[in-house]
Amino acid sequence: MPECWDGVSEGSGGGQVGREDGTSLCPWRRGLLTSPGEHDIETPYGLLHVVIRGSPKGNRPAILTYHDVGLNHKLCFNTFFNFEDMQEITKHFVVCHVDAPGQQVGASQFPQGYQFPSMEQLAAMLPSVVQHFGFKYVIGIGVGAGAYVLAKFALIFPDLVEGLVLMNIDPNGKGWIDWAATKLSGLTSTLPDTVLSHLFSQEELVSNTELVQSYRQQIGNVVNQANLQLFWNMYNRCGHTRPKSAPSTALVLCVCSCPVMLVVGDNAPAEDGVVECNSKLDPTTTTFLKMADSGGLPQVTQPGKLTEAFKYFLQGMGYMPSASMTRLARSRTASLTSAGSVDGSRPQACTHSESSEGLGQVNHTMEVSC
């Protein structure tokens with residue numbers, strides 16, 4: 001492949017381009033950036049490593065991704081965004097991949113005593129990214145811990161988020177029992193193995209040994225282990241240290257005005273949590289996609305199905321109306337026609353749609369298994 005998946009030639013570095021006076025506001029608006037690449041963005045809580053793929057498309061939102069704990073943007077989203085059918089989507093949107101602090105490939109180890117940002121602080125770092133590149137708003141795609149961060153981001157900065165695709169989101173963060181089990185297992189397990197139990201179900205750990213072994217090696221070799229431990233500890237504390245007065249992620253999403261698509265595999269560790277989250281959300285703005293024959297990483301094991309669902313999600317918001325109708329969309333249309341008397345209609349308004357792309361029609365959502 002002549003170009004690596006993130007849009008820059010392998011080994012080419014990327015580098016951040018700034019103003020002549022040394023500041024680093026939107027390089028596209030200054031006309032200084034000739035190609036996408038890697039950037040280190042200053043935020044109130046430290047640097048964020050960001051990879052841009054493509055270029056801004058008029059007034060359309062950017063697709064902003066945030067990975068799960070134990071991964072980085074490449075390990076989490078490489079397979080999905082390299083999938084052939086995704087190219088029909090990415091040609092319409094610039095893609096902004098965000099790595100949590102210190103989780104990117106080749107990251108330096110944090111100094112002794114470094115305080116890793118809280119989940120709320122991780123969310124509060126994202127406006128700096130949006131402003132740096134001049135994005136008006138984003139469509140977020142998050143997995144696990146990344147989904148948690150994006151949900152917080154949408155609550156704190158609703159004007160910057162047009163839609164959310166949240167995979168494997170835990171509506172309450174980690175609870176006391178899960179936290180205690182993690183602490184105990186951590187006494188006898190390596191960090192990669194502990195993370196694997198978060199990413200994959202017990203059945204997958206036993207049956208899908210090739211995939212699991214691949215991720216075990218990559219988590220151990222690609223991600224800085226000391227930095228990963230800090231992220232892991234923070235994510236596992238986010239539930240049991242959450243003040244009683246603080247809203248759960250499910251309640252956070254309830255107040256989000258943007259469309260939300262929840263995704264989980266039918267054999268994923270997070271299945272029960274996502275089902276619970278879906279039960280608490282507004283059905284008029286929520287789509288629940290439960291993927292058959294899929295485990296903890298549906299974007300890796302079922303990229304085709306997820307691409308179809310994402311395309312339909314975008315069409316529901318008024319984008320890509322001329323894109324080919326997917327198999328999943330046809331299935332949903334048929335299901336809605338036959339099941340309308342059971343679930344009823346769930347109107348969903350299009351938001352932030354460009355006049356040239358708006359569908360100008362009412363859309364419907366319902367639970368789908370595929």
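- Looking at residues two or more places apart in sequence or on another chain, you find no salt bridge (Lys or Arg N to Asp or Glu O under 4.0 Å) involving Glu204.
- Here the options are Val206, Leu196, Leu199, the test is side-chain contact (heavy atoms from CB on, under 4.5 Å), and the partner is Val212; only Leu196 passes.
- Between Gln218 and Pro192 there is no side-chain heavy-atom pair separated by less than 4.5 Å.
- Contact check for Lys152 versus Gln121: no side-chain heavy atoms found under the 4.5 Å cut-off.
- Considering every non-hydrogen atom in both Val129 and Cys96, the closest pair reads CG1-SG, 3.7 Å.
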- Show your reasoning for whether side chain to side chain contact (heavy atoms under 4.5 Å, CB included) applies to Val263 and Phe310. CA-CA 10 Å; Val263 181; Phe310 186 41; over 6 Å; no

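- A donor-acceptor contact shorter than 3.5 Å is absent between the side chain of Asn168 and the backbone of Val264.
- Of all the heavy atoms in Ala268 and Gly295, the pair that sits closest is CB-O, 3.4 Å.
- Heavy atoms only, all atoms of each residue included: Gln302 and Ala292 are closest at NE2-O, 3.8 Å.
- Leu211 and Leu205 fall within the same hydrophobic cluster, defined by Ile, Leu, Val, Met, Phe, Trp and Tyr side-chain heavy atoms under 4.5 Å apart, directly or through other members.
- Counting all heavy atoms, side chain and backbone alike, Asp282 lies closest to Thr286 at O-OG1, 2.7 Å.
- At a threshold of 4.5 Å between non-hydrogen side-chain atoms, the residues Phe80 and Thr65 do not count as touching.
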- Message: Run Ile52 and His39 through side chain to side chain contact (heavy atoms under 4.5 Å, CB included) and show every step you take.
- Response: CA-CA 8 Å; Ile52 297 294; His39 308 263; 4.0 Å; yes

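- Side-chain heavy atoms closer than 4.5 Å link hydrophobic residues (I, L, V, M, F, W, Y) into clusters, and following such links, possibly through other members, connects Tyr45 to Val69.
- Looking at Asn278, its side chain never comes within 3.5 Å of a backbone N or O of Val274 through a donor-acceptor pair.
- Relative ring orientation between His97 and His73 is described as parallel, the plane-to-plane angle staying below 30° on a 0-90° scale split at 30° and 60°.
- Looking at heavy atoms from C-beta onward, Ser128 lies in side-chain contact with Pro44 at the 4.5 angstrom threshold.
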- Stepwise side chain to side chain contact (heavy atoms under 4.5 Å, CB included) test for Leu297 and Thr79: CA-CA 10 Å; Leu297 296 178; Thr79 300; over 6 Å; no

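- Side-chain atoms of Glu271 never come within 3.5 Å of backbone atoms of Pro269 as a donor-acceptor pair (strictly under, hydrogens ignored).
- A donor-acceptor pair is defined here as one N or O able to donate and one able to accept, closer than 3.5 Å; such a pair exists between the side chain of Asn227 and the backbone of Ser108.
- Here Leu230 contributes atom CG and Gln103 contributes atom CD; the two are 8.5 Å apart, rounded to the nearest 0.5 Å.
- Ring pair Tyr114/Phe110 is parallel by interplanar angle, where below 30° counts as parallel and above 60° as perpendicular.
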- Test Met167 against Leu306 for side chain to side chain contact (heavy atoms under 4.5 Å, CB included), laying out the working first. CA-CA 10 Å; Met167 291 177 262; Leu306 185 57; 3.7 Å; yes

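- With hydrophobic clusters built from ILVMFWY side chains whose heavy atoms lie under 4.5 angstrom apart, Leu122 shares a cluster with Phe157.
- No donor-acceptor pair closer than 3.5 Å links the side chain of Arg60 to the backbone N or O of Tyr319.
- No donor-acceptor distance shorter than 3.5 angstrom exists from the side chain of Gln109 to the backbone of Asn224, with no hydrogens or angles considered.
- Atom CG in Asp40 sits 6.5 Å away from atom CD in Gln104 (nearest 0.5 Å).
- Note that NE2 of His92 is 4.5 Å distant from CE of Met320, once rounded to the nearest 0.5 Å.
- The shortest side-chain heavy-atom distance between Ile63 and Ile89 falls under the 4.5 Å cut-off.
- Within the structure, the salt bridge (charged side-chain N to carboxylate O under 4.0 Å, His left out) test picks out no pair touching residues 97-115 (sequence neighbours left out).
- Atom CG of residue Asp293 and atom NZ of residue Lys305 lie 5.5 Å apart, to the nearest 0.5 angstrom.
- Phe288 is listed as a side-chain neighbour of Val275, based on a closest heavy-atom distance under 4.5 Å.
- Going from atom CG of Leu64 over to atom CD of Glu162 covers 13.5 Å, rounded to the nearest 0.5 Å.
- For Asp193, the salt bridge (Lys or Arg N to Asp or Glu O under 4.0 Å) test picks out Arg216, with sequence neighbours left out.
- Note that OG1 of Thr307 is 10.5 Å distant from CD of Gln299, once rounded to the nearest 0.5 Å.
- Residues Phe200 and Asn208 have side chains not in contact (no heavy-atom distance under 4.5 Å, counting atoms from C-beta outward).
- Remark: aromatic rings of Phe153 and Tyr66 are distant, center separation not under 6.0 Å.
- In terms of modelled atom types and a separation under 3.5 Å, the side chain of Lys136 and the main chain of Gly134 share no donor-acceptor contact.
- Side-chain contact check for Glu42 versus Leu47: some heavy-atom pair is nearer than 4.5 Å.
- Hydrophobic cluster membership is shared by Ile169 and Ile156, with clusters built from Ile, Leu, Val, Met, Phe, Trp and Tyr side chains linked at under 4.5 angstrom.
- The two residues Ala123 and Pro127 have their closest heavy-atom pair at O-CD, 3.5 Å.
- Closest heavy-atom contact between Val195 and Gly70: CG1-CA, 3.7 Å.
- Using the six-membered ring where Trp is involved, His198 and Tyr235 have ring planes that are perpendicular, over 60° apart on the 30 and 60° scheme.
- Between the side chain of Tyr215 and the backbone N or O of Leu75 there is at least one donor-acceptor pair closer than 3.5 Å.
- Looking only at distances, a side-chain donor or acceptor of Gln87 sits under 3.5 Å from a matching main-chain atom of Phe81.
- Proximity of a side-chain donor or acceptor of His49 to a complementary backbone N or O of Glu38 within less than 3.5 Å is not detected.
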